[in-house]
Amino acid sequence: MKIVFAGTPDFAVAPLQKIKESGFDIVGVITQIDKPQGRKGILTPPPVKKAAETWGIPVLQPEKIKEHVEDVQALGGDLLVTCAYGQILTQAVLDSFPMGVWNIHAGLLPKYRGASPIQSCILNGEKTTGVSIMKTELGLDCGDVLCVVEIPILETETYGELSERLSHLGADLIVQALGLLQSGTYTLTPQSEEGVGVVRKINKEQAKIDFSKPVAEVINLIRGMNPAPVAYAVSEGNSLNVYRAERAVMTAEEEEICKTAVYGEVLTDKPKRGLLVKCQDGAVKLTEVQASGGKRMSGGDFLNGRKVKKGQVFVC
RNA sequence: CGCGGAGUAGAGCAGUCAGGUAGCUCGUCGGGCUCAUAACCCGAAGGACGGGGGUUCGAAUCCUUCCUCCGCAA
């Protein structure tokens, strides 16, 4: 069974590696073209390409895969595994693999179809998530499911941390799935028509913190946006990236101040108490922040440098 | 040449424009007050001011050059 793997970001590297280490024959990797990265705009190959090259696997980087179907076919694969590839496949591509095209999806179906299942789970305060292996069809993540594992989301887990866990989970699961496909003994489960949901790509606008919301929602936003695109608060024209936060436990004095404070107001100027900000139902403590041009630091350090003062307000 | 910020004590910052003994807050250590404390009071240690070169009687500060870190945008 000859396998072609289509994937792009870090998330896809672990599955690719696991497939390779499990002894499957990977005849080619398809990934996105190199893109300019960072301040200098240096052309950088995607993580999957780097990995594939170190293992000597042929790499294909079509700018538009639908215009290079014959190149894909030339790889001679029986089966295509997709994992966060980043391009929509056409029927011609799907038809190029006798044993089908299978997708590793980092979320439970049908509720979390779409581009941002991991982040969206955290933003929604879900308690569990999972990885699904499904048939890739023309519609958006609507194919029949081959297998799925569900895991709990940890209380303080960030998008980056959960993503890494799911990546390894997906790696294990795809290897199992390939075993099933090879043996030919498997059953497909159509997705329920109830509770279908589509989550779209996350943009920076969604990452702005709204302190008029409940503490739990604010914290979920911060978790779900770490490490990218990163939640941020704005005050006096400056933006402050927020990487981590927790529910504030206030002193009696702070409780008093909080009662009359407006949403987004800084409740204390004592570095030891931390950067406390009023929300709808209490206060949130921003524990890891980064101002533009500065390093990441604790909320206490940020307060100590006096870049924000007690009573200053982050706009909602 | 995409736009911009920053390198000063263990940490976060001021001081740089108008060169002249190195400052603030936090932490650390010692002492005091207190039933007690993350609170308060007193004291101490700790810095070749990112590196090189230049101007000057004298440079954290002015000129020049190199290095490093970071935000935005893509």
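Chain letters run A, B, ... following the sequence lines, proteins first, then strands; residues in each count from 1. All heavy atoms count here, side chains included; hydrogens, waters and symmetry mates do not. These figures come from a predicted structure and were not determined experimentally.
The same atom, C1', is picked in B/G15 and in B/G20; the two are 14 Å apart, to the nearest Å. The gap from the C1' atom of B/U16 to that of B/A60 amounts to 7 Å, rounded to the nearest Å. With both ends at atom C1', the span from B/U64 to B/C69 equals 22 Å, rounded to whole Å. When the C1' atom is used for both B/C57 and B/C41, the distance is 45 Å, rounded to whole Å. For the P atom pair drawn from B/U25 and B/A39, the interatomic distance equals 15 Å after rounding to whole Å. Rounded to the nearest Å, the gap between the C1' atom of B/G4 and that of B/G27 is 32 Å. Rounded to a whole angstrom, the distance from the C1' atom of B/C67 to that of B/G52 is 10 Å. A gap of 47 Å separates the C1' atoms of B/G53 and B/C42, to the nearest Å.
B/A6: Watson-Crick or G-U partner is B/U68, with both key distances under 3.5 Å. B/C40 and B/G32 make up a base pair, with Watson-Crick or G-U wobble contacts both under 3.5 Å. Base-pair partner of B/G20: B/C57 (Watson-Crick or G-U wobble, both distances under 3.5 Å).
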Could you go through residues 137-145 of chain A and list every donor-acceptor pair under 3.5 Å that involves a side-chain atom there, pairing it with any protein atom two or more places apart or in another chain?
| residue | atom | partner | partner atom | Å |
| --- | --- | --- | --- | --- |
| A/D141 | OD2 | A/G114 | N | 2.8 |

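Residue contacts shown for A/G38 include a base, since a base heavy atom lies under 4.0 Å away. Counting any heavy atom pair closer than 4.0 Å across all strands shown, A/K40 reaches no nucleic acid atom.
The closest donor-acceptor contact from the side chain of A/E21 to the backbone of A/K18 lies at 3.5 Å or more, if one exists at all. Looking at A/D10, its side chain never comes within 3.5 Å of a backbone N or O of A/P47 through a donor-acceptor pair. A/E67 places no side-chain N or O within donor-acceptor distance of the main-chain N or O of A/K64, the cut-off being under 3.5 Å.
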A/R247 vs A/D281, salt bridge (charged side-chain N to carboxylate O under 4.0 Å, His left out): CA-CA, chis, key distance, verdict: CA-CA 10 Å; A/R247 179 177 282 278; A/D281 60 342; 3.7 Å; yes
Salt bridge (charged side-chain N to carboxylate O under 4.0 Å, His left out) assessment of A/R223 paired with A/E157: CA-CA 7 Å; A/R223 289 166 59 211; A/E157 198 162 28; 5.9 Å; no
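Taking the side chain as every heavy atom from C-beta outward, A/F5 and A/T31 never approach each other to under 4.5 Å. Annotation: side chain of A/E150 is in contact with side chain of A/L108 (closest heavy-atom distance under 4.5 Å).
Residue A/N241 places at least one side-chain N or O closer than 4.0 Å to OP1 or OP2 of B/C72.
As a whole-Å value, the separation of A/K204 NZ from B/A74 C1' is 14 Å. For the pair A/K208 NZ and B/C72 P, the computed distance is 15 Å after rounding to whole Å. Atom CZ of A/R273 is separated from atom C1' of B/U37 by 13 Å (rounded to the nearest Å). Regarding A/I42, its CD1 atom lies at a distance of 14 Å from the C1' atom of B/C1, rounded to whole Å. If you take CG of A/L303 and P of B/A11, they are 19 Å apart, rounded to a whole angstrom. One can place CD of A/E288 at 14 Å from C1' of B/C70, the figure rounded to the nearest angstrom. One can place CD of A/Q290 at 14 Å from P of B/C69, the figure rounded to the nearest angstrom. At whole-Å resolution of the value, NZ in A/K285 and P in B/A38 are 15 Å apart.
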When you compare the protein's N or O atoms with those of nucleotides 3-6 of chain B, which come within less than 3.5 Å of each other, and at what distance?
| residue | atom | partner | partner atom | Å |
| --- | --- | --- | --- | --- |
| B/G5 | N2 | A/G293 | O | 2.9 |

Give each protein N/O atom lying under 3.5 Å from an N/O atom of nucleotides 26-30 of chain B, with the pair distance.
| residue | atom | partner | partner atom | Å |
| --- | --- | --- | --- | --- |
| B/G27 | OP1 | A/K272 | NZ | 2.5 |

Protein-nucleic acid N or O pairs under 3.5 Å, nucleotides 34-36 of chain B:
none

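Of the charged side-chain nitrogens involved, none lies within less than 4.0 Å of a carboxylate oxygen, so that A/K50 and A/E53 do not count as a salt-bridged pair.
Applying the ring pair (Phe, Tyr, Trp, His ring centres under 6.0 Å) test to A/Y85 and every residue at least two apart in sequence or in another chain returns nothing.
Ranked by how close their nearest RNA chain B nucleotide is to the 5' end, A/Q37 and A/R296 are led by A/R296.
Between the OG1 atom in A/T82 and the CG atom in A/L94 there is a gap of 9.0 Å [rounded to 0.5 Å].
A/V315 shares a hydrophobic cluster with A/Y232, A/V234; the chain of contacts runs through ILVMFWY side chains whose heavy atoms sit under 4.5 Å apart.
Of all non-hydrogen atoms in A/C279 and A/K213, the two that sit nearest each other are CB-O, 3.4 Å.
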